[in-house]
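Notes to accompany the following structure.
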Amino acid sequence: MTRQILSRAIGGPDDLNDVCSAVAAATARHGVDAEERARFTLAVARTLRERAAASQPARLTLTLAAAGDGDGGELTAEVVPGGPDGAPETVATIAVPDPSADSHGDAGDRDGLLELLAAQHERLAWHQQELERTDQGVLALHAELAQAAERLRAANAEQARLLDAEREARAAAESARSRLAFLAHAGATLSAWLDHEQVIKQLHSLVVPRHAAAMEVWISRDQRALTPSGALDEDAPGAAPPEAVVAAHDSGRTRHVTPSPSSLMPGVEVRPGPAELLAVPLISGGRALGVVAYTPAGHPFTADDIAVFRELTRLGAAALDNAIRYEHERGVAESLQRAMLTDLPPAAPLEFTARYLPAEAGLNVGGDWYDAFQRPDGQVIAAIGDVTGHGLRAATLMGQLRTALRAYALDSAGPGEVLARMHRLLTHLQPDDLATAVLLQYAGNGRLRWANAGHPPPLLRAPDGTVRVLYGGDVLLGMPLHDGPLTDREVELPPGATLLLYTDGLVERRTASFEATTDRLAEAFAAADVGGGLDRVADVLLDRMLIDSAREDDTCLLLCRARPVATDGDGPAMRTLVRSRASASDARDRARTVP
């Protein structure tokens with residue numbers, strides 16, 4: 001026969017002790033041995049603790065199955081899960097003794113129950129200690145996690161600070177790179193010009209309006225007062241420069257006028273003022289050329305702005321000084337060269353006209369020259385040449401060679417001897433310099449003697465208009481490997497024939513060969529109308545040949561035409577001679593005029 005002796009619901013950990021006490025009491029009432037009773041109760045308690053930890057509600061039932069009348073039975077503990085579909089689970093089974101056993105079982109039951117309770121309390125104390133240790137571990141873990149979170153927060157803050165610093169450093173580096181690129185571009189742009197007005201114009205275009213709202217340049221010439229760079233008449237009174245400009249010029253230090261003066265910079269004088277202005281002196285080679293005044297665009301000048309403007313002004317001062325020196329040297333060289341241009345002989349067996357055009361680009365004045373004169377014996381000497389190099393040095397050397405040529409040509413037997421003596425002179429005086437020259441010698445007998453020392457070949461136009469190139473020549477004057485007479489050559493020069501001498505500025509081009517431009521010159525010479533006079537021919541040749549030239553070199557042109565043989569009376573030859581005398585001064589003026 002089976003009957004239920006205990007049924008208790010299990011809702012959570014709080015019901016565990018009560019249920020375990022009820023199980024122990026029920027087993028004691030049925031006379032179960034204390035040791036078996038403790039083992040049975042512990043098995044039930046272990047199962048119930050697992051379900052309570054998992055928060056699974058259930059019901060514990062104790063069922064007694066009697067074996068017979070007075071023969072004991074079997075006690076079974078089952079756990080029935082909550083819910084309609086839960087299947088009961090047998091937790092433990094224990095044998096129940098016969099109730100008719102000896103009566104001292106009640107006292108034993110009480111002792112066993114006390115032992116069971118003591119064991120339960122001991123186990124509960126152990127679990128309490130485990131829970132306390134677990135709580136302490138959790139608290140320590142929480143503290144460690146808090147410290148780790150704080151360290152992580154500090155690391156994130158440091159990383160953010162480093163990122164900000166990196167961004168600032170990158171922005172500063174980019175700004176510095178941009179400033180250096182600007183200054184490099186400005187230096188290349190300004191140094192490319194040899195005209196001081198163009199230097200100032202380029203400086204203005206670099207600064208305004210990107211870096212400054214306005215810029216004004218004040219120039220000081222020959223220790224005179226500061227004048228605006230755009231003034232047409234430097235001697236006329238003009239607007240007075242600002243006080244900061246005068247102070248910067250007199251002290252040679254940058255003057256910064258600002259409404260809110262800040263920390264000082266080396267080499268910069270900061271002064272309070274109603275309007276922002278930066279005055280930077282133009283100093284090159286220890287010489288003050290003027291002052292540049294900058295007005296800010298939108299915001300006051302920073303220390304970086306001032307540093308950039310000071311360096312930019314230094315570059316501008318160097319370019320401006322270079323341009324002023326070049327213009328001075330160019331003017332001296334051009335004046336010297338024009339002063340050395342010869343007066344063409346008005347009465348001679350040859351009729352002359354000449355042109356000289358100085359270069360318009362670069363430092364190229366000084367090397368080209370021509371000369372023509374009549375010796376005491378009536379023979380006519382004509383020459384054209386070019387000295388290597390440019391500038392005042394080349395103009396001076398050209399003057400020396402021209403003077404030497406006249407001296408040597410007075411008593412030399414032929415043009416080859418004259419050029420040979422000039423070669424020895426150049427080798428002795430200027431061993432590092434070279435020159436080219438063509439020399440003509442004409443006695444009026446229809447035969448022309450000539451020699452060429454490395455110069456472009458002359459062109460001869462016959463009276464019928466055909467043109468031939470007089471090829472043939474020797475090495476340049478001053479060549480170290482040459483030492484000996486130059487070759488004399490002869491050509492027939494009938495009356496009306498015209499000879500063209502020129503320098504390489506007339507035919508030398510970067511985009512065409514020398515032979516091609518020489519052929520082009522020959523075609524233009526053949527097509528020219530010589531009936532209009534040599535001056536007209538010279539103008540036509542210059543117009544046609546220089547139309548595609550950048551004028552980077554000087555250009556000389558000398559035309560020689562054989563006069564008709566002289567006759568008695570007032571014939572054509574005499575009229576031509578008189579006409580040449582009358583126009584001699586005009587021809588000299590045209591030879592010195594730059595178109």
Side-chain angles (χ1 to χ4, degrees), residues 1-139 141:
M1 185 177 72
T2 301
R3 61 189 180 90
Q4 189 180 73
I5 63 174
L6 178 66
S7 178
R8 296 290 296 268
I10 307 169
D14 295 338
D15 300 330
L16 182 61
N17 292 336
D18 295 339
V19 173
C20 290
S21 298
V23 169
T27 56
R29 284 195 306 271
H30 287 79
V32 178
D33 181 73
E35 183 177 352
E36 294 296 329
R37 187 168 62 248
R39 186 180 300 110
F40 180 82
T41 303
L42 287 176
V44 172
R46 185 181 301 109
T47 301
L48 295 181
R49 189 183 308 113
E50 292 175 355
R51 290 189 172 274
S55 300
Q56 297 178 355
R59 176 173 292 276
L60 175 69
T61 61
L62 293 181
T63 304
L64 178 63
D69 295 338
D71 294 330
E74 187 177 58
L75 186 62
T76 302
E78 293 181 334
V79 175
V80 182
D85 298 331
E89 176 187 357
T90 300
V91 175
T93 303
I94 190 173
V96 178
D98 187 353
S100 60
D102 48 7
S103 60
H104 65 274
D106 292 338
D109 290 341
R110 286 194 298 272
D111 295 339
L113 180 60
L114 292 177
E115 292 176 359
L116 176 62
L117 291 177
Q120 289 293 331
H121 282 293
E122 183 178 354
R123 289 182 176 274
L124 288 175
W126 178 82
H127 284 295
Q128 185 67 29
Q129 292 176 358
E130 289 295 320
L131 287 176
E132 290 179 356
R133 284 193 293 269
T134 302
D135 290 341
Q136 292 176 358
V138 170
L139 291 177
L141 179 61

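Computed from a predicted structure; not experimentally measured.
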What distance do [X] atom [atom1] and [Y] atom [atom2] have between them, rounded to the nearest 0.5 Å?
| X | Y | atom1 | atom2 | result |
| --- | --- | --- | --- | --- |
| I5 | T63 | CD1 | OG1 | 8.0 Å |
| L141 | T134 | CG | OG1 | 12.0 Å |
| L75 | R37 | CG | CZ | 11.5 Å |

| message | Suppose we screen for salt bridge (charged side-chain N to carboxylate O under 4.0 Å, His left out). Which residues come up paired with E130, at least two apart in sequence or across chains? | response | R133
| request: Check the pair T76 / T2 against side chain to side chain contact (heavy atoms under 4.5 Å, CB included), numbers first and verdict last. | output: CA-CA 10 Å; T76 302; T2 301; over 6 Å; no
| Does the pair R123 and L42 meet the rule for a side chain to side chain contact (heavy atoms under 4.5 Å, CB included), with working shown? | CA-CA 10 Å; R123 289 182 176 274; L42 287 176; 3.5 Å; yes
Of all the heavy-atom pairs spanning [X] and [Y], show the shortest one and how long it is.
| X | Y | result |
| --- | --- | --- |
| A95 | V32 | O-CG2, 4.1 Å |
| V79 | T47 | CG2-CG2, 4.3 Å |
| E78 | T90 | OE2-OG1, 3.7 Å |
| R8 | A22 | NH1-CB, 3.7 Å |
| T93 | F40 | N-CE1, 3.9 Å |
| C20 | T41 | O-CG2, 3.9 Å |

| field | For R49, all residues meeting side-chain contact (heavy atoms from CB on, under 4.5 Å), sequence neighbours excluded | value | L16, A45, R46, H127
| field | Q4 atom CD: more than 12 heavy-atom contacts under 6.0 Å | value | yes
